[in-house]
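Predicted model, so just to flag it, every value in this text is computed and none were measured. Side chains included, hydrogens not; waters and symmetry mates left out as well; all remaining heavy atoms used. By convention in this document, chain letters (A, B, ...) are assigned in the order of the sequence lines, proteins followed by strands, and residues within each chain are numbered from 1.
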Amino acid sequence: MKINFYNSLTNQQEEFKSIQDGVVKMYSCGPTVYDFAHIGNFRSFLFGDLMRRFLELVGYEVQHVMNITDVGHMVEGEADKMLAAASRVKENKKSGRVPEGAIEDPNDPYQIADYYTKAFLDDANKLGYKVAAEYPQSMPRATDYIEGMIKMIERLIERGHAYVASDGVVYYSVESFPEYGNLSGNTMDKLQSGAGGRVSDQNQSMKKHPADFLLWKPDQKHIMKWESPWGVGYPGWHIECSVMAAEKLGQDVIDIHTGGEDLIFPHHECEIAQSCGCSGESHFANYWVHARFLFVEGDKMSKSQGNFYTARDVFEGKVTGKPVHPAVLRFELIKSHYRSNMNFTKKGLTDSANTVMKLIELRQELESKAEGKMAEVDLSNPVLNDFATALADDLNIAGALAVMHTWIKSDHSDPALSLAIWDKMNSVLAIAPIGGEGVSDADDGGSDDEGEAMRLEMVAAREAKDYAKSDELRDKLIAAGYDVQIGKTEVTIKKKLA
RNA sequence: GGCGCUGGAGCCUGAUGGUAAGGCGACUGCCUGCAAAGCAGUUUUAAGUGGGUUCGAUUCCCACCGGCGUCUCCA
């Protein structure tokens, strides 16, 4: 099957070929762990997950690594991120968002990072992020790789790509790497120093070139610091990804590197400069694939706008007023193309809930009809072939979903076959539980005691032909988030997914 | 200003040089005590603007306009 991805490096769709036959090595830039991850973060992460799962569907063995950034990097002119996190944690403890006892000492950055790392893994797991669910060893933490970063910096100095400035700071010399700017288009002559308004002139004076970026900063006072040949201090932001990608994936050139579009410059540009500067190879990753940003109800998501949602905000019902099943959020976040700005809306969420419910019900129906039988199916199956072919076209998810919708409506006279097709599609979509997947099925269509009590009361009322009472109970159940169906003699209720 | 992406019905969107497909929603009917769900049907003047190529352009090309990202915190 011919697979195309849009490569940010060349600004065009390219046919995908892996370096090693049948194996794909991919790296995704992960979260910084000094706050809960938001739905925008997850849109980008889940796009990487979708890509991974698609590649597996078509037969690749995928080695997917995602880092956890737990080093508090210095932000010029602002407080250190970990220090900022410390004060936020103190506030969150007061408000109860961070439970009592979860972080004993908010002034200990390791405890903060550890807490938010666990929270992230928990969210990612619920959302069916395969690496978090099944390969936690492929999620390295930056603080465990300081030694490797120091080695890479030493090698970059040896090879003439880095220098120690007069203030003791180690910088990467962009002029030593003519390819700098190939990914972002921000070549050295075009870079307008400080056009983004984030650079202070002060820190520029020690550099050989304004675009030179930091590799190691000696700083005794920094909240997280390590010994190094250049004094006690901390590493630059970009070096961790170069080091962890090489160490975890075991080679200098990898197949795919993903991330949010904002990471193209400077982060990914700098990663390329570091990795290639160190290895001498012409490429760090052969395919750079970036996800567009997410909007909320047509606006940019921002804390000041009040439309800033973490994944757990959505789960807990802070967006819709009702709890949302993680599978619904996952589906909502992956159902639009990764290179378009998706618009996250309440309506979209309820739409997704309907689709997810429909799929789950179809599977339950197929399962009971199949009576334990399961067919073997592969991509020679026309439905799956159409599904995979759509995704092979730069992850055309809408096309794949169109295939799926058509298939749902089609004839399912061979339930064992349909079940197998369903599971194959779901191995990519991961919106409902199949053996060992990350999404819990605890509340898929079930009901709790309170709902059950109301249901029984309703049945009794109906036997007594007390329709007023029956209707009242029905309204209550609906308000409590149930779908209520009244049959000839029975009443069934189902917890809605969103 | 540079570089890059993007523009379709109420919403999300597929394919496509020749009738623009599907999903959601909405509406109607069957069903129901009434609903819901399900099934059937309806939702027919939907492609930012202006040029160009063409017998014919939503599709290819150019310009413009709008939206978005980036230009040293960032998914």
Side-chain angles (χ1 to χ4, degrees), chain A residues 6 8 11 28-32 37-48 69 73-81 84 174 181 183-187 189-200 203-204 207 210-214 236-238 258-267 269-270 290-295 298 300-301 332 335-343 345 347-348 350-355 357-358 361 390 393 396-406 408-409 462 465 467-468 470-471 474-475 477-478 482-488 491-494:
Chain A
Y6 184 91
S8 305
N11 287 320
S28 299
C29 285
T32 42
H38 56 74
I39 53 175
N41 297 128
F42 277 112
R43 140 94 149 159
S44 160
F45 300 150
L46 290 177
F47 133 73
T69 300
H73 293 105
M74 187 66 181
V75 182
E76 294 179 69
E78 281 177 45
D80 178 274
K81 292 253 175 169
V174 294
L183 175 67
S184 61
N186 291 327
T187 49
D189 53 313
K190 284 180 185 157
L191 271 174
Q192 284 184 30
S193 180
R198 299 186 205 159
V199 171
S200 63
N203 289 308
Q204 293 294 77
K207 298 181 186 177
D212 287 355
F213 56 93
L214 189 152
W237 169 44
H238 314 298
T258 72
E261 59 176 330
D262 56 324
L263 294 181
I264 294 172
F265 193 92
H267 186 54
E269 197 74 76
C270 295
H290 294 98
R292 297 302 310 262
F293 265 36
L294 162 147
F295 278 54
K300 274 196 243 186
M301 183 169 77
E332 175 66 13
K335 79 178 180 187
S336 50
H337 189 79
Y338 73 94
R339 277 194 301 115
S340 62
N341 281 118
M342 82 154 291
N343 190 15
T345 60
K347 188 175 174 302
T350 47
D351 287 356
S352 289
N354 289 338
T355 307
M357 187 56 108
K358 202 177 278 183
E361 283 175 356
D393 177 17
N396 178 0
I397 183 71
L401 292 178
V403 172
M404 185 189 79
H405 280 297
T406 311
I408 289 173
K409 283 190 168 176
R462 296 184 61 75
K465 300 227 184 282
Y467 291 120
S470 171
D471 289 353
R474 179 171 64 197
D475 291 346
L477 279 162
I478 289 169
Y482 288 95
D483 257 340
V484 182
Q485 298 195 29
I486 298 168
K488 289 254 185 249
V491 174
T492 53
I493 59 172
K494 277 186 305 187

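- Considering CG of Asn396(A) and CG of Leu401(A), their distance stands at 9.0 Å, rounded to 0.5 Å.
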Sub-3.5 Å pairs of nitrogen or oxygen atoms, protein against nucleotides 13-15 of chain B:
{"from": "G14(B)", "atom 1": "O3'", "to": "Asn396(A)", "atom 2": "ND2", "distance (Å)": "3.1"}
{"from": "A15(B)", "atom 1": "OP1", "to": "Asn396(A)", "atom 2": "ND2", "distance (Å)": "2.9"}

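- Side-chain atoms of Asp471(A) do not come within 3.5 Å of backbone N or O of Ala468(A) as any donor-acceptor pair.
- In this entry the distance linking CG of Asn41(A) with P of A75(B) reads 5 Å, nearest Å.
- Spacing between A21(B) and U59(B) at atom C1', rounded to whole Å, works out to 15 Å.
- Within the structure, a side-chain polar atom (N or O) of Asn354(A) is placed less than 4.0 Å from OP1 or OP2 of G25(B).
- Of all non-hydrogen atoms in Phe265(A) and Ser184(A), the two that sit nearest each other are CD1-OG, 3.1 Å.
- Considering all non-hydrogen atoms of both residues, Met342(A) and Arg43(A) come closest at N-NH2, 3.4 Å.
- For G29(B) and C12(B), the P atoms lie 30 Å apart once the distance is rounded to whole Å.
- The nearest pair of heavy atoms linking Phe293(A) to Glu261(A) is N-OE2, 2.9 Å.
- A gap of 27 Å separates the C1' atoms of U6(B) and U45(B), to the nearest Å.
- Rounding to the nearest 0.5 angstrom, the gap separating the CG atom in Leu263(A) from the OG atom in Ser8(A) is 11.0 Å.
- The separation of G22(B) from C64(B), taken at their P atoms, amounts to 38 Å, rounded to a whole angstrom.
- Between Lys207(A) and the phosphate of U72(B), there is no side-chain N or O to OP1/OP2 separation shorter than 4.0 Å.
- Rounded to the nearest 0.5 Å, atoms NE2 (His337(A)) and OH (Tyr6(A)) are 10.5 Å apart.
- Separating the CD1 atom of Ile408(A) from the P atom of C39(B) is a distance of 11 Å, rounded to the nearest angstrom.
- Residue contacts shown for Phe295(A) are limited to sugar-phosphate atoms, with no base heavy atom under 4.0 Å away.
- Nearest nucleotide to the His38(A) side chain, out of U72(B), A75(B), G25(B): A75(B).
- When the C1' atom is used for both U58(B) and G25(B), the distance is 25 Å, rounded to whole Å.
- Using a 4.0 Å heavy-atom cutoff across all strands shown, His267(A) reaches no nucleic acid atom at all.
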Between Tyr467(A) and Arg462(A), does a side-chain contact (heavy atoms from CB on, under 4.5 Å) hold up when you go through it step by step?
-> CA-CA 6 Å; Tyr467(A) 291 120; Arg462(A) 296 184 61 75; 3.9 Å; yes

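- A donor-acceptor distance shorter than 3.5 angstrom exists from the side chain of Thr355(A) to the backbone of Asp351(A), with no hydrogens or angles considered.
- Taking atom P in both U44(B) and G1(B), one finds a spacing of 41 Å when rounded to whole Å.
- When rounded to the nearest whole Å, the span between NE2 of His405(A) and C1' of G25(B) equals 13 Å.
- Going from atom CZ of Phe293(A) over to atom C1' of G67(B) covers 15 Å, rounded to whole Å.
- Residue Ile264(A) is classed as having no contact, given no heavy-atom separation below 4.0 Å to the nucleic acid.
- One finds the CG atom of Asp212(A) at 10.0 Å from the SG atom of Cys270(A) (value rounded to the nearest 0.5 Å).
- Here the closest heavy-atom approach between residue Lys335(A) and residue Ser352(A) is recorded as NZ-OG, 3.1 Å.
- Separating the CG atom in Leu183(A) from the NE2 atom in His267(A) is a distance of 11.5 Å, to the nearest 0.5 Å.
- In this structure, Leu214(A) reaches neither bases nor backbone, as no heavy-atom distance under 4.0 Å exists between it and the strands shown.
- Looking at heavy-atom distances under 4.0 Å, Gly40(A) makes contact with a base.
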Atom pairs under 3.5 Å, N or O on each side, protein against nucleotides 32-35 of chain B: can you list them with distances?
{"from": "G33(B)", "atom 1": "N7", "to": "Arg462(A)", "atom 2": "NH2", "distance (Å)": "3.4"}
{"from": "G33(B)", "atom 1": "O6", "to": "Arg462(A)", "atom 2": "NH1", "distance (Å)": "2.5"}
{"from": "G33(B)", "atom 1": "N1", "to": "Asp471(A)", "atom 2": "OD1", "distance (Å)": "3.0"}
{"from": "G33(B)", "atom 1": "N2", "to": "Asp471(A)", "atom 2": "OD2", "distance (Å)": "2.9"}
{"from": "C34(B)", "atom 1": "O2", "to": "Arg474(A)", "atom 2": "NH2", "distance (Å)": "2.7"}
{"from": "C34(B)", "atom 1": "N3", "to": "Arg474(A)", "atom 2": "NH1", "distance (Å)": "2.8"}
{"from": "C34(B)", "atom 1": "N3", "to": "Arg474(A)", "atom 2": "NH2", "distance (Å)": "3.4"}
{"from": "A35(B)", "atom 1": "N6", "to": "Ile486(A)", "atom 2": "O", "distance (Å)": "2.9"}
{"from": "A35(B)", "atom 1": "N1", "to": "Ile486(A)", "atom 2": "N", "distance (Å)": "3.2"}
{"from": "A35(B)", "atom 1": "N3", "to": "Arg474(A)", "atom 2": "NH1", "distance (Å)": "3.0"}

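- Residues Phe42(A) and Asn11(A) both approach RNA chain B. Their nearest nucleotides, taken by heavy-atom distance, put Asn11(A) toward the 5′ side.
- Here the C1' atom of nucleotide U72(B) and the CG atom of Asn186(A) are 10 Å apart, to the nearest Å.
- Note on Lys409(A): a side-chain N or O is less than 4.0 Å away from OP1 or OP2 of G23(B).
- Side-chain atoms of Arg292(A) and base atoms of C68(B) include a donor and an acceptor less than 3.5 Å apart.
- One finds no side-chain N or O of Thr355(A) lying less than 4.0 angstrom from the OP1 or OP2 phosphate oxygen of C12(B).
- As judged by a 4.0 angstrom heavy-atom cut-off over every strand, Phe47(A) is placed among residues making no nucleic acid contact.
- Considering only side-chain atoms of Lys358(A), the nucleotide from U72(B), G4(B), C24(B) that sits closest is C24(B).
- As rounded to the nearest Å, C39(B) and C11(B) have C1' atoms that lie 25 Å from one another.
- Atom-to-atom, CG of Leu263(A) to P of U72(B) comes out at 14 Å; the value is rounded to the nearest Å.
- From Arg474(A), atom CZ reaches atom CG of Leu477(A) across 10.0 Å, with rounding to the nearest 0.5 Å.
- Not one side-chain nitrogen or oxygen of Lys300(A) sits closer than 4.0 Å to the OP1 or OP2 atom of G67(B).
- Counting to the nearest Å, the C1' atom of A75(B) and the CD atom of Glu261(A) are 9 Å from each other.
- Stretches of at least 3 consecutive Watson-Crick or G-U wobble pairs, with each checked distance under 3.5 Å, appear in RNA chain B as B:1-7 with B:65-71, B:10-12 with B:22-24, B:25-30 with B:38-43, B:48-52 with B:60-64.
- U16(B) and G56(B): their C1' atoms are spaced 14 Å apart (whole Å).
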Do Glu332(A) and Ile39(A) pass the side-chain contact (heavy atoms from CB on, under 4.5 Å) test, and can you show the C-alpha distance, the side-chain angles, and the key distance before you say yes or no?
-> CA-CA 10 Å; Glu332(A) 175 66 13; Ile39(A) 53 175; over 6 Å; no

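- Distance Arg43(A) CZ to G69(B) P: 13 Å, rounded to the nearest Å.
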